[in-house]
Amino acid sequence: MHNTLSQQLTASQRKAVFHTEGPLLVLAGPGSGKTRVITYRIAALIESGVRPYNICAITFTNKAAEEMRNRAMTLGASAGAYISTFHSLCVRILRQYADQAGIHPNFSIYDSSDQARCIKQAVKNCELDTTNFSPARMLDAISTLKNKLIDAESFKTGADDFFSVKLAEIYLSYQHILSELNGLDFDDLLMKTAFLLQDCPDVCRQLGDRFGYLLIDEYQDTNHAQYSIAKALASNHNNICATGDPDQSIYRWRGADIRNIMAFESDWPDAMIVKLEENFRSTANILAVADHLIAFNRNRKLKKLIPTKPEGESIRVTGFEDENEEAHAVAQHIKELTGKGVSLNDIAIFYRVNAQSRALEEAFVRSKLPYQIVRGVEFYRRKEIRDLLAYLKILVNPDDEIALLRIINTPARGIGKVTTERIRAYAARHRISFFEALKKSNNIDSLPKAAKAKLAVFINMLGQFAKDVAGKVAPLAERVFTESGLAESLRAGGPDGLNAIENLNELINSAAEYDKQAEQPSLLDYLQQISLFSDTDAYDAASDRVALMTLHAAKGLEFEHVFIVGVEDGLLPHERSNSGEDDEQLEEERRLFFVGITRAKTGLYISHARYRTVRGQFLRTIASEFLFELGTDFTEQGRDDDFDVDDHDDYDSSSQTVPRFKKGQLVRHEKFGLGRIKEFLDMGENSVITIKFNSGQTKSLVLKYANLSEVDI
DNA sequence: CATAGCCGCCTTTTT
DNA sequence: GGCGGCTATG
């Protein structure tokens, strides 16, 4: 086997695959065959006598894990190896060691909308107004703290200014609410696991034995909590293999810390480092563009992109009038490609924000082009799906008040706000959960007879469902669907209702799929699994449709032809990444573009629109500065003779003698080259303009001497 | 208690 | 532009 594996690999890949003892860092550029290296390595470990049971490979998404499992299977290797994501691993650990972690094993996993409810309640409990302490802000702050492994108590100890003190209160209250509901948010999964491994040496040792060989993919996107978990697990045996590419780190905003991968050598002094710099995916022209772009990042380790494929076609950057024209042109272009025999599932379109999918979708419908929007979590956010899942959640975790309140009157069964408030008051008075109070509703004096009767019917129904909790999920889901009255109420609800029924049937089908695939299907496991579903998990590579997705979702994928749309200032780089003093955020946006570009094998088509509808307003855009960093001569494009002078700006220029400049605009200076206006101090003819040039330096110049020319595209 | 309609809020990326 | 929450009405 060693030989058969070996001959398909390059020298550096072979080194990474067969150096099977001790710490190993694989610095892998895009398209370097990294996934293949990991799967071959798993096979090589097993070949060398390691039990599959002792191998743990962690990937970034469930999809990636599934793919790796399949690949390893074809090498005849994967049976028994634990291949999963960080979050799934944490769920598994927390369930097994719930006692030591101080939680209940049947916890609910709370997504952002559940979190929003809890944080609102927490802010209210602290008697703070939601203008200064907006729920989104608070959640963000708490998430950052959790990713840094700072729990509510220790944060409170260190809080010294007004804001921190208040945040600490909210944090404590939020955690209190979650624990009462027996719920964990995504960050809790990581934090609680990290603390468990820190605080319980026994558990840490047991898990170290269980997972004697640890492989972690996309190490550049681990946050501190994940880093701590990985380090703790591997501290027992040093058999850690991390792979990643600092240039593809795109989750800094989520706490990912490039330093984790940069510091690997000092964390594991005897680590072997293997670089995979050859690119087997993209044409030389695509790589040249990617390389030229990423070179503008100063905060990076130099890495080569060595092409192995021929030059290929040169890279096109095209400007369009607005987003609809752009979308239409993309659709037309795709038709041309399919005319040449390209299949639809070899084509993908990437954009910065989900809202951009709309114009594309409309164009595709009009052009009758089949497409899939890769947005897995959306399905689970639908009202009817959440409703049915809420019934199922209650059966597993009765403390989940959020789920309970959701279904107590869905479908309408005459249990209104007044009734639930009375139950809630009773629960608070007797210090019991809402569910406990519900069961005792007969004893609640404030409730009228009619209400008590309705509640009794509801409770009885849940009791009936609970009898079927063990075993397969799909039959139970089906039963709940009909007996809860959901099916009937939707059937009466017109075309929207029919659509909802279809969605629920799809959910039941997916549950049946789970039943088939799971070793030991259980409702708890099913619910926890689908909570960890990601957008990419919905991507169906086999279906013959064009894939539409965000640049983030594109990570780890590859396509024959890639379109990247809306490469405009404010969108890519996104305006919200503009806030920092440093360039870190801008560099991350650049990496995001880099990731998108390097997904393409043969065709790469980049575009921007001169006008775009943003929040309902038709606005003039500015081309992204990144477009000037590709090393292509795109400024010459789209400037045909018929290019009409912008009549929208006419009234502006007529009233001004000095050219008007505004923040964000792109300008050219004779000596310093291309730059972007950071600040414009309007003082008539003495106006001062601050420009950040692409060379990296920032200069303040007096406008009348600066001799700037507008760069307009 | 249910429903419809209106107002005001947010609005990047995601496990 | 879209959703959630609130209010007024039946």
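Reminder, nothing fancy here: chain letters follow the sequence lines and each chain counts from 1.
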[X] side chain, from C-beta outward: closest of [options]:
X: A:Val377; options: B:dT15, B:dC1, B:dT14; answer: B:dT15
X: A:Arg254; options: B:dT13, B:dT15, C:dG5; answer: B:dT15
X: A:Trp253; options: B:dC1, C:dG5, B:dT13; answer: B:dT13
X: A:Val353; options: B:dT13, B:dC1, B:dT15; answer: B:dT13

For atom [atom1] of [X] and atom [atom2] of [N], their distance in whole Å:
X: A:Arg406; N: C:dG4; atom1: CZ; atom2: C1'; answer: 12 Å
X: A:Lys555; N: B:dT13; atom1: NZ; atom2: C1'; answer: 12 Å
X: A:Gln356; N: B:dT11; atom1: CD; atom2: P; answer: 17 Å
X: A:Tyr251; N: B:dT15; atom1: OH; atom2: C1'; answer: 8 Å
X: A:Arg117; N: C:dC3; atom1: CZ; atom2: C1'; answer: 13 Å
X: A:Ile530; N: B:dT14; atom1: CD1; atom2: P; answer: 19 Å
X: A:Asp535; N: B:dT12; atom1: CG; atom2: P; answer: 15 Å
X: A:Gln121; N: C:dG5; atom1: CD; atom2: P; answer: 13 Å

Would one find a side-chain N or O of [X] under 4.0 angstrom from OP1 or OP2 of [N]?
X: A:Asn62; N: B:dT15; answer: no
X: A:Ser534; N: B:dT15; answer: yes
X: A:Asn409; N: B:dA2; answer: yes
X: A:Arg413; N: B:dC1; answer: no
X: A:Asn354; N: B:dT14; answer: yes
X: A:Ser577; N: B:dT12; answer: no
X: A:Ser531; N: B:dT15; answer: no

With a 4.0 Å cut-off, would you call [X] and [Y] a salt bridge?
X: A:Arg610; Y: A:Glu321; answer: yes
X: A:Lys146; Y: A:Asp185; answer: yes
X: A:Arg300; Y: A:Asp247; answer: yes

Quiz item: If you pin A:Arg352 and A:Ala412 to their nearest nucleotides in DNA chain B, which one's is more 5'?
Solution: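 The residue whose closest nucleotide sits nearer the 5' end is A:Ala412.
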Quiz item: Between A:Ala136 and A:Gly416, which has a closest nucleotide on DNA chain B that is more 5'?
Solution: A:Gly416
Quiz item: Taking the nucleotide of DNA chain C with the closest heavy atom to each, which residue, A:Arg358 or A:Lys417, is nearer the 5' end?
Solution: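 The residue whose closest nucleotide sits nearer the 5' end is A:Arg358.
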Quiz item: Just checking, is any N or O donor in the side chain of A:Thr410 or A:Asp387 under 3.5 Å from an acceptor N or O on the other one?
Solution: no
Quiz item: Hey, is A:His87 doing a stacking thing with B:dT15, by the 5.5 Å centroid and 30° angle criteria?
Solution: no
Practice problem: Verify the stacking flag for A:Phe186 against B:dT14: centroid separation must be under 5.5 angstrom and the ring planes must differ by under 30 degrees. | Solution: no
Quiz prompt | Test side chain to side chain donor-acceptor pair (under 3.5 Å) applied to A:Tyr174 and A:Gln115, A:Lys120, A:Gln121, the passing residue | solution = A:Gln115
What contact category does [X] fall into here, base, sugar-phosphate, or nothing, at under 4.0 angstrom with non-hydrogen atoms?
X: A:Arg381; value: nothing
X: A:Phe86; value: nothing
X: A:Ser134; value: nothing

Quiz item: Would you say the side-chain atoms of A:Glu218 pair up with the backbone N or O of A:Thr243, donor to acceptor, closer than 3.5 Å?
Solution: no
Quiz prompt | Spacing of the C1' atoms in B:dT13 and C:dG4 (rounded, Å) | solution =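 Here C:dG4 and B:dT13 have their C1' atoms 23 Å from each other.
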Exercise. Determine whether more than 12 heavy atoms belonging to other residues, nucleotides or ligands lie under 6.0 Å from atom NE2 of A:His104.
Key: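 Not more than 12 within 6.0 Å, no.
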